[in-house]
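Below is one structure; the comments refer to it alone.
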Number of protein chains: 2
Amino acid sequence: MDVAHSEVLELGIPVACRSCQARHGVVCGALSSSQLRELGRHSLRRKIDAGCEIVAQGSESSFYSNIMRGVVKLCKVMPDGRQQIVGLQFAPDFVGRPFLRESTLSAEAATDAEICVFPRNLLDRMISETPELQRSLHDQALKELDAAREWMLTLGRRTAEEKVACLLHLIATHAEPQTATSTAFDLPLSRAEIADFLGLTIETVSRQMTRLRKSGIIRIENFRHIVVPDMDELEKKISG
Amino acid sequence: MDVAHSEVLELGIPVACRSCQARHGVVCGALSSSQLRELGRHSLRRKIDAGCEIVAQGSESSFYSNIMRGVVKLCKVMPDGRQQIVGLQFAPDFVGRPFLRESTLSAEAATDAEICVFPRNLLDRMISETPELQRSLHDQALKELDAAREWMLTLGRRTAEEKVACLLHLIATHAEPQTATSTAFDLPLSRAEIADFLGLTIETVSRQMTRLRKSGIIRIENFRHIVVPDMDELEKKISG
DNA sequence: GCCGGCAGTTGATCTAGATCAAGTCGTGAT
DNA sequence: ATCACGACTTGATCTAGATCAACTGCCGGC
């Protein structure tokens, strides 16, 4: 986090400033400075290691968070162990389910991450007092809903190769482009996680990755680092 | 609609009353009587035949609606014609995408239906003026998001038989139960639509339906009418 | 430097569900 | 009554992706 842009609040916890909302999360951008100060007094900034759980499926959670850095995966698991990743979240997304205490999914850091943790009661009160905050959370919920439905199309109707291309495209759009057409990024997910996101097996994911590599659409360096020389070529694999 | 419970407003259009929100849609339940009167003055109640489109994918829509009766399906289609139903909506759900003019999906009546159509501009104004309305739409968005993610698990990780059981379960929970354990309902979707909802083909849907029939979990009368003698048995097919 | 273990790849085989091809049933028009 | 058509079912076959089984390459501990 860019400390020059943050307010350092009571307890020494940097939370956010109003002038650069995008960097600091959907929550903080919608609050007045006195609300921010109060929230900061009760919030905690935490470093999270990859793989560490933020919210557990089926548990009651007494806090919300904002992602400040890193990638968070949202998972659902069935009693028999089958697993599906139902969404990825990037900074500055909000993590938590307003208006419902029990979580129907788990949130887990996919990479090392930093989050800002808010007490649930306090934030709930602020939501009901601050239409601008309600609006900003409503807005995020709708974006997630659009993304979820787009992914339903991918899960239900695309081939394995298209699915993998979709995943690479999704992650590429959250990375800084290198030039007008090319992008490079580190995959935040293992092959097993990609499989659980796409409804495939590890082996098929691997095969489709090498297919895309052999066709020249991507380069793979050290398993996790991906180079896309031409995003248009990648998009052609998706549109169907 | 229960006319005894409605206010008949200017233009003779019955819209809603505050005392029985559930019957009349998430929008009307959150409004004051003067807002209701204003909204009613610019709203239209419409009967819609099965198959008729309410909002087209990719189009700009200048209205929202509330479902008063019937079932609405939300579809996404790919350029090459592959199709995925990404959600079903029942009365009293709200139809439309707040904060975004262009629709990324189409909404189509799955059965004969009745909807209440609101001008977009007017309702947008009311949303920004009425935290209670914002809250109620936020709440519906979150419910749809939960449902979408549950369905992602179904699409990505369940077998064909489980998928069909999930669909029947979903529709059964929106029908009036007959006794403590048994339910009966008319399917609002054709086999082709069920296939597009589950990411399967017509033939597999049909085969799995007869499998469930032969195993005694459901009875099928006249193709479209389903009897579930014991909902617990149906749920067992789902949990995995 | 060697060893063990995890993450990923690649190959051989199997199978759930797709595809192709007849069917049946029910309904509405002539 | 008969025909035509659309919605659904059923059967035979095919195939994309799953499963099973090596194998590679990297990284960390000793």
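Letters A, B, ... mirror the listed sequences (proteins, then strands); counts begin at 1. Side-chain atoms are counted along with the backbone in the values below, which use heavy atoms only and exclude waters and symmetry mates.
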Taking 4.0 angstrom as the limit, do Arg157(A) and Glu162(A) come out as a salt bridge? no

I'd like to know if Asp146(B) pairs up with Arg97(A) as an ion pair, taking the criterion as any Lys NZ or Arg NE/NH1/NH2 lying under 4.0 Å from an Asp or Glu carboxylate oxygen. yes

Can you confirm whether more than 12 heavy atoms, excluding those of Asn222(A), are under 6.0 Å from its CG atom? no

On DNA chain C, which is the earliest and which the latest nucleotide, 5' to 3', with an atom closer than 4.0 Å to a heavy atom of chain A? dG8(C) to dA12(C)

Could you pick out which residue, Thr201(A) or Asn222(A), lies toward the 5' side of DNA chain D when each is mapped onto its nearest nucleotide? Thr201(A)

Phosphate OP1/OP2 of dT10(D): any Ser206(B) side-chain N/O under 4.0 Å: no

Any side-chain N or O of Arg224(B) under 4.0 Å from OP1/OP2 of dC8(D)? yes

Which residues share a salt bridge (charged side-chain N to carboxylate O under 4.0 Å, His left out) with Arg46(A), sequence neighbours left out: none

Under the salt bridge (charged side-chain N to carboxylate O under 4.0 Å, His left out) test, residues paired with Lys76(A) that sit two or more places apart: Glu150(B)

Has the side chain of Gln57(A) got a donor or acceptor atom that lies under 3.5 Å from a matching backbone atom of Val77(A)? yes

Out of dC20(D), dG11(D), dC26(D), whichever nucleotide has its closest atom nearest the side chain of Arg207(B): dG11(D)

Round to the nearest Å and state the distance from Ile220(A) atom CD1 to dT24(D) atom C1'. 15 Å

Give the rounded distance in Å between these two atoms: CG of Leu189(B) and P of dC8(D). 10 Å

Pick the nucleotide of DNA chain C nearest each of Phe223(A) and Glu161(B); which residue has the one closer to the 5' end? Phe223(A)

